[in-house]
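Notes for the one structure printed next.
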Amino acid sequence: MKKVRVRFAPSPTGSLHIGGARTALFNWLFARKKNGAFILRLEDTDLERNLQEAEEGIMASLRWLGLDWDEGPDKGGPYGPYRQSERLAVYRREAERLLRAGLAYHCYCSPEELARQREEARKKGVVPRYDGRCRELEEEKRAQLEKAGIRPALRIKAPREGATVVKDLIRGEVTFENKTLDDFVIMKSNGVPTYNFACVVDDSLMEISHVIRAEEHLSNTPKQIIIYKLLGYPLPSFAHVPMILAPDRSKLSKRHGATAVEEFRTDGYLPEALVNYLALLGWSPGDEREKMRLEEIISLFSLEEVSKHAAIYDIKKLTWLNAQYLNDLPLERVVNDAIPFFQARGYIGEVDPQTCTYVTKVVAAIRSRVHTLAEMAEAAEYFFKDNFPYDEKGVRKYFSTVQAADLLSRGREILARTEPFDLPTVEAAYRQLIEELGISGGALIHPTRLAVSGKTMGPGLFDILVVLGKEECLKRMERAIDYIKKRTAGLASPPVRP
RNA sequence: GGCCCCAUGGUCAAGCGGCCUAAGACACCGCCCUUUCACGGCGGUAACCCGGGUUCGAAUCCCGGUGGGGUCACCA
């Protein structure tokens with residue numbers, strides 16, 4: 001059995017979006033499952049659209065997702081180079097072969113002229129196809145054009161009859177009538193190959209066994225198969241994975257919110273969650289499993305089980321999965337990923353051991369209550385700042401009477417006396433006070449929560465108290481007591497008659 | 001428009017001729033747990049695009065329609 005070799009071949013024109021990420025993931029899963037090689041190749045033959053940052057950005061996203069490659073532009077490999085812009089000599093050599101064998105020919109038609117013809121055809125409602133006028137150009141005429149300094153493009157002599165069949169692992173056999181194809185360009189007049197040509201040459205020379213790519217390439221495949229045949233290279237297997245659509249069924253774009261992997265990272269999603277979600281878009285393990293470890297996905301994955309229809313991506317499910325991982329991943333790991341988010345909000349600076357210990361407690365207290373790291377950072381604010389405002393509704397409910405201040409004073413006294421300041425001791429002391437006062441637990445717990453956090457909801461009160469520590473709690477209780485006193489004093493003044 | 005692909009709840013999806021009066025998950029709605037909010041647990045609403053065949057029997061096979069998507073460059 002031939003060794004499985006697959007590739008992900010993005011063009012560095014922008015950031016890696018989730019459609020590309022999923023294509024990369026499926027390739028990677030297949031390679032790992034089959035003990036094959038996963039290759040990264042940059043299709044940077046469009047000199048105009050290449051972006052310097054894009055190449056590094058795509059690799060960074062891939063790395064963040066945990067999709068490592070065995071050969072690629074940064075690490076080399078036996079089939080390099082892996083950047084198409086560095087392989088121009090290879091394409092020229094292969095093109096020359098075709099030309100000499102009479103399987104391709106020079107075309108001197110100007111792009112403007114061709115565009116005009118296309119436009120005309122479109123107006124007439126006819127399919128715009130190159131008419132092959134340069135196919136049988138007389139040598140004399142050719143020399144003349146050459147002498148005039150016209151740089152020709154190279155076109156393939158495509159078959160006019162018969163059909164080309166794509167054997168697709170996901171879709172079965174797809175037939176294209178050759179008469180619907182034309183003599184397409186394989187080398188531009190500037191000596192740079194077109195996508196279809198470079199792709200076939202590289203896939204052949206790099207001995208790619210399975211071409212797994214997005215469905216948008218399905219209609220390119222007959223052209224590529226024609227090139228394979230003319231070049232005399234064996235065909236790889238093909239698998240065209242369905243597209244990912246936006247919620248309105250249109251192609252994903254920036255107006256649909258986050259679509260780039262990088263954006264998901266900065267929005268506080270974990271790579272495990274994104275990978276898991278992407279794997280579930282268009283593929284299913286066949287049973288009820290949803291949350292799966294990467295190893296599990298690898299062992300279960302199969303191309304035959306990839307669905308045929310496009311999937312609409314739903315951020316709600318991704319968010320749910322993210323919350324699952326936030327809860328289930330080892331605490332240290334989550335803390336590690338949360339730290340940059342806390343730093344960005346100015347909660348902490350350089351991380352020393354004490355900070356780390358404190359942050360770990362904070363994360364442990366709130367991670368089950370949030371869905372993303374960004375949300376977590378927002379929810380954690382009062383653990384790092386003591387000048388927070390009090391929730392308005394909460395104030396009306398718990399801070400509107402003089403008695404509320406007395407109640408908090410009693411609570412403050414108890415907390416001041418509690419030693420050690422740990423969960424069982426603090427809780428026992430507070431519960432005892434509740435009993436002494438003959439009130440319900442909530443009657444003391446809610447005002448206290450508002451006093452120390454400014455919020456009416458959140459982790460268990462005693463967890464908050466213990467994380468904050470005694471000194472901080474006492475300070476915050478005093479601040480709340482002052483606040484209530486000022487507030488109620490205002491209320492106590494005689495009402496003004498109109 | 002030509003060519004190509006696709007079609008199970010709002011979304012992801014199981015199903016590959018009888019086990020389907022159609023799983024599961026997200027979302028949504030109840031209830032329980034609880035000092036609050038989450039987490040968790042339990043339950044509920046909700047789907048085989050339409051029309052013809054084939055078959056004893058069709059969500060599953062075939063044909064047509066409709067709908068959605070992709071693609072038609074010296075872009076990738």
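In what follows, chains carry the letters A, B, and so on, assigned in the order in which the sequence lines appear, proteins first and then strands, with residues in each chain numbered from 1.
Between A:S284 and the phosphate of B:rC12, there is no side-chain N or O to OP1/OP2 separation shorter than 4.0 Å. For B:rA13, the OP1/OP2 oxygens have a side-chain nitrogen or oxygen of A:S307 closer than 4.0 Å. The shortest distance between the side-chain N/O atoms of A:K188 and the OP1/OP2 oxygens of B:rA76 is below 4.0 Å. For the pair A:R118 and B:rC74, the criterion of a side-chain N or O lying under 4.0 Å from OP1 or OP2 is met. OP1 or OP2 of B:rU71 has at least one side-chain nitrogen or oxygen of A:K251 nearer than 4.0 Å.
Note: CD1 (A:I226) to C1' (B:rC3) measures 14 Å, nearest angstrom. Atoms CE (A:M292) and P (B:rG24) sit 17 Å apart, rounded to a whole Å.
Nearest to the side-chain atoms of A:E216 among the listed nucleotides B:rU71, B:rU11, B:rA76 stands B:rU71. Across B:rU8, B:rG2, B:rG70, the shortest atom-to-atom separation from the side chain of A:M243 is found for B:rG70. In this structure, the nucleotide among B:rG10, B:rA76, B:rG24 sitting nearest to the side chain of A:E290 is B:rG24. Of the candidates B:rA25, B:rC5, B:rU71, the closest approach to any side-chain atom of A:L218 belongs to B:rC5. Among the nucleotides B:rA27, B:rA7, B:rA76, the one closest to any side-chain atom of A:Y195 is B:rA76. Of the listed nucleotides (B:rC5, B:rC26, B:rG68), B:rC26 has the atom at the smallest distance from the side chain of A:K317. Out of B:rC6, B:rA76, B:rA73, the shortest distance to the side chain of A:R122 is found at B:rA73. When distances run from any side-chain atom of A:V174 to the nucleotides B:rC4, B:rG69, B:rA27, the shortest one goes to B:rC4.
Closest of all the heavy-atom pairs between A:I58 and A:S11 is CD1-O, 4.2 Å.
A:D44 comes within 4.0 angstrom of nothing in the nucleic acid, heavy atoms only. Counting any heavy atom pair closer than 4.0 Å across all strands shown, A:R249 reaches sugar-phosphate atoms only and no base atom. Note on A:R155: only backbone sugar-phosphate atoms sit closer than 4.0 angstrom, heavy atoms only; bases stay farther off.
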- [ ] Any chance you could list the contact pattern along nucleotides 32-49 of chain B? Use B for base contacts, S for sugar-phosphate-only contacts and - for none, protein heavy atoms under 4.0 Å, 5' to 3'.
- [x] ---BBBBSS---------
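Judged purely by distance below 3.5 Å, without hydrogens or angles, the side chains of A:T221 and A:R213 pair a donor atom with an acceptor atom. Side-chain polar atoms of A:Y91 and A:T45 form no donor-acceptor pair below 3.5 angstrom.
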With a 3.5 Å cut-off and sequence neighbours excluded, list the donor-acceptor pairs that the side chains of residues 452-464 of chain A form with protein atoms.
| from | atom 1 | to | atom 2 | distance (Å) |
| --- | --- | --- | --- | --- |
| A:S453 | OG | A:R449 | O | 2.8 |
| A:S453 | OG | A:K455 | N | 3.1 |

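At distances below 3.5 Å, not a single donor-acceptor pair connects side-chain atoms of A:D44 with backbone N or O atoms of A:R83. Side-chain N or O atoms of A:R7 include none that pairs as donor or acceptor with a backbone N or O of A:D203 at under 3.5 Å.
Using Watson-Crick or G-U wobble geometry with both donor-acceptor distances under 3.5 Å, B:rC12 finds its partner in B:rG24. If you check B:rC19 for Watson-Crick or wobble pairing at under 3.5 angstrom, you find it has no partner at all.
For A:Y277, the ring pair (Phe, Tyr, Trp, His ring centres under 6.0 Å) criterion is met by no residue, not counting sequence neighbours.
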Open item on the list: Checking A:Y325 against A:Y269 for the ring-ring contact (aromatic ring centres under 6.0 Å, His included) test, could you report, in this order, the C-alpha distance in whole Å, the side-chain angles of both residues, the deciding distance, and whether it holds?
Closed with: CA-CA 9 Å; A:Y325 280 99; A:Y269 288 88; over 10 Å; no
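Between B:rG70 and B:rA25, the two P atoms lie 32 Å apart (nearest whole Å).
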